Every structure is written in C-alpha cells, then in structure tokens.
Amino acid sequence: MIILKDLTKVFELNKNNKTVAVNSVNLEIKESELIVLKGASGSGKSTILSLIAGLSKPTTGEVVIGENRVSKLPDNFASLFRRENIGFIFQKYNLIPTLSVSENILVPLIPQNPSNLEAKEILKRVMKKFKIEHKKDEIVKNLSGGEQQRVAIARSQVNNPNIIIADEPTANLDKELSLHFIEILRELKNDGKTIIVATHDPLFFDLDFVDRVIEVSNGEIL
Ligand code: ADP
Ligand code: ADP
C-alpha cells in the first residue's frame, strides 16, 4: 500500500515567488493497483511521482510505502529503497547513448556488483521479456524510439521492483508504439505490479485494465 498523507510541495524561488506544485494531496494506492494521474502540463504530476519515489522531500505531509515512511528516510536509505522497490520509466528514456543495449540494462545492477552469471541471467530474462534480445550488442543511439523505449523498460525491471512509476511514457512515441507500450503495461499489471502512470495521453483514459484515472489540477486531486 502506498499512502500519500496531506502531501504538499512548495517550490520557493525567492521570498515573493512561490509555486505550490502539490497541495494537500491525500491518496491511497493498493498493491497491484494501476493508477493513471491525468492532468495538463504543470499540474503537479511529476512532482507527485518524485515525492512517492522519495526523490524529493515534501514541504509538509508524508509518503508511506508498506512499512517505510519514505519521505522521512535519510537520502542513502531512500536511494536504497528506490533501488530495491521502484522501477522508473521516463519519457526521455534516460539511456546512455554511447553504450550498448546490454550495458544500459545492466547499469542499475552496478551498486550490487553481481557475479557475471547472475548478471547474464537477469539480462537474458529482461531482454527476452521485452523483446530486445536480438539487439543486445547494438549501440543505443542507433536504435529506433520504440526500441529505446523497450531498453528503458527492460532496465527498469532488472531489480524486479514491485512498484513502477512512469512519467509521460508515450510522449515521444507514435500511435502504434504507444499501443505497444500499453500492451507491455498490461503485462506488468498481470504480473501484479503496482503501477502509477502520469500522462496527458488520452490513450490511457479508458483502458479496461486501469483501476483508477485520477485527475490532477493545480497541484490538487479533483
Ligand atoms: P507536470 O508533471 O504535471 O507537468 P510538475 O510537477 O512538473 O507538473 O510541475 C508542477 C509545478 O511545479 C509547475 O508549476 C512547475 O513549474 C513547478 N516546478 C516543478 N519542479 C520545480 C522545481 N524544481 N523548481 C521550481 N518549480 C518547479
Ligand atoms: P544513488 O543515490 O545510489 O545514485 P538514486 O537515489 O539517484 O541512487 O537512485 C536510486 C535508483 O532510482 C536508481 O537505481 C535508479 O534506478 C532510480 N532513479 C532515480 N532517479 C533516476 C533518474 N533520473 N533516471 C533514472 N533512474 C533514476
């Protein structure tokens, strides 16, 4: 269970210039739920995601995931918690363009220093699952947008996280690839993952396997 308790984030640029990016948000997300946060650009979706992941600290309120008071964790514990529990999928993939597909997918494993055998097994599992095995030695910058998306998704799954956070995942994809992404999302949902997608792409608004579409406006949940 993910609980957002009276969550507020204020960005204070200077004394006269404040943005209330997230305003008193209360929300409970059950295990294995798939939530879509819908809202215009600037409505506060990304800020909510980074608060859930503990990437930024709330001004007031808190995020609790299972037994963990994520927003109260010191940075090193928060980053360990993320590594073990959360997979991120970004609009800009955040891949390293000059490295190969395999190398990119292995990046999140570096802190764990796995054996070659372990690394190979994990690589094989995620490349197969996300159908990118045939490109494993290709340099990422030479791949198409859809292939890069699959690499990014494969990378987000190496630690087999139970929570997946996707920020505008289809922003750079055409209709066909967006539909393909939605099929991957369906699979992840079937695997029992808890998934939170922030998007303004209407493709996500009436999918049969989405549990709730939640509208965000001016930092508030409508
Ligand atoms: P969305 O993801 O819905 O586009 P964001 O959460 O990115 O919205 O932004 C919500 C509001 O907070 C916007 O007004 C944005 O300009 C502001 N904001 C986001 N991040 C920062 C930051 N690091 N510093 C200052 N303002 C920010
Ligand atoms: P560390 O403090 O060990 O450098 P972070 O706290 O930055 O780690 O991130 C922990 C995990 O969260 C990473 O393994 C990564 O998967 C994910 N993560 C956080 N921020 C990003 C980002 N901007 N791009 C991709 N992954 C990220």
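Predicted model only: the values in this text are computed from it and were never measured.
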If a pair satisfies salt bridge (charged side-chain N to carboxylate O under 4.0 Å, His left out) and one of its residues is in residues 51-60, list it, with sequence neighbours excluded.
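Sorted result for residues 51-60: Lys57-Asp75.
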Return yes if some donor-acceptor pair links the side-chain N/O of [X] with the main-chain N/O of [Y] below 3.5 Å, else return no.
{"X": "Lys45", "Y": "Gly39", "answer": "yes"}
{"X": "Asn159", "Y": "Arg83", "answer": "yes"}
{"X": "Arg212", "Y": "Glu33", "answer": "no"}
{"X": "Thr8", "Y": "Ser24", "answer": "yes"}
{"X": "Asn68", "Y": "Val70", "answer": "no"}
{"X": "Glu168", "Y": "Asp201", "answer": "no"}
{"X": "Thr170", "Y": "Leu173", "answer": "no"}

Can you list every pair that meets side-chain hydrogen bond (donor to acceptor under 3.5 Å, both in side chains) and has a residue in residues 115-124, with sequence neighbours left out?
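Non-adjacent pairs meeting side-chain hydrogen bond (donor to acceptor under 3.5 Å, both in side chains): Ser115-Glu118.
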Residue pairs involving residues 213-222 (criterion side-chain hydrogen bond (donor to acceptor under 3.5 Å, both in side chains); sequence neighbours excluded):
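Only Asn23-Glu220 qualify under side-chain hydrogen bond (donor to acceptor under 3.5 Å, both in side chains).
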Out of curiosity, does [Y] fall in the hydrophobic cluster containing [X] (side-chain heavy atoms, cut-off under 4.5 Å, transitive links)?
{"X": "Val107", "Y": "Ile164", "answer": "no"}
{"X": "Val20", "Y": "Leu27", "answer": "no"}
{"X": "Leu177", "Y": "Ile184", "answer": "yes"}
{"X": "Val10", "Y": "Leu51", "answer": "no"}

Could you go through the side chain to side chain contact (heavy atoms under 4.5 Å, CB included) check for Ile196 and Ile2 one step at a time?
CA-CA 11 Å; Ile196 307 161; Ile2 301 173; 4.0 Å; yes
Enumerate donor-acceptor pairs with a distance under 3.5 Å from any side-chain N or O in residues 126-145 to protein atoms, sequence neighbours excluded.
| residue | atom | partner | partner atom | Å |
| --- | --- | --- | --- | --- |
| Lys129 | NZ | Asp191 | OD2 | 2.4 |
| Ser144 | OG | Glu147 | N | 3.2 |
| Ser144 | OG | Glu147 | OE1 | 3.4 |

Answer yes or no: is there a side-chain heavy-atom contact under 4.5 Å between [X] and [Y]?
{"X": "Ile48", "Y": "Leu4", "value": "yes"}
{"X": "Gln157", "Y": "Leu188", "value": "yes"}
{"X": "Gln148", "Y": "Val151", "value": "no"}
{"X": "Asp167", "Y": "Phe88", "value": "no"}
{"X": "Leu95", "Y": "Val101", "value": "no"}
{"X": "Asn94", "Y": "Arg155", "value": "yes"}
{"X": "Val213", "Y": "Phe204", "value": "no"}

Once you round to the nearest 0.5 Å, how far does [atom1] of [X] lie from [atom2] of [Y]?
{"X": "Leu179", "Y": "Leu203", "atom1": "CG", "atom2": "CG", "result": "5.5 Å"}
{"X": "Ile105", "Y": "Leu99", "atom1": "CD1", "atom2": "CG", "result": "11.5 Å"}
{"X": "Arg150", "Y": "His180", "atom1": "CZ", "atom2": "NE2", "result": "5.0 Å"}

Not counting sequence neighbours, which residues clear side chain to side chain contact (heavy atoms under 4.5 Å, CB included) with Leu34? List them please.
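Residues passing side chain to side chain contact (heavy atoms under 4.5 Å, CB included) with Leu34: Leu185, Lys189, Ile195, Val197, Phe209, Val210, Asp211.
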Ser156: side chain to side chain contact (heavy atoms under 4.5 Å, CB included) partners, not counting sequence neighbours:
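In terms of side chain to side chain contact (heavy atoms under 4.5 Å, CB included), with neighbours along the sequence ignored, Ser156 is linked to Ile89, Ile153.
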CD (Gln112) with more than 12 external heavy atoms under 6.0 Å:
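Enclosed.
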Just wondering, are more than 12 heavy atoms of other shown residues or ligands nearer than 6.0 Å to CD in Glu176?
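At most 12 heavy atoms, drawn from other residues, nucleotides or ligands, come within 6.0 Å of this atom.
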When you look at Thr194 and Asn162, which way does the side chain to side chain contact (heavy atoms under 4.5 Å, CB included) test go after all the steps?
CA-CA 6 Å; Thr194 306; Asn162 44 8; 5.8 Å; no
Could you walk me through whether Leu55 and Leu49 pass side chain to side chain contact (heavy atoms under 4.5 Å, CB included), step by step?
CA-CA 9 Å; Leu55 285 164; Leu49 295 183; over 6 Å; no
Given Thr59 and Lys18, is the side chain to side chain contact (heavy atoms under 4.5 Å, CB included) satisfied, shown in steps?
CA-CA 12 Å; Thr59 309; Lys18 281 191 213 169; over 6 Å; no
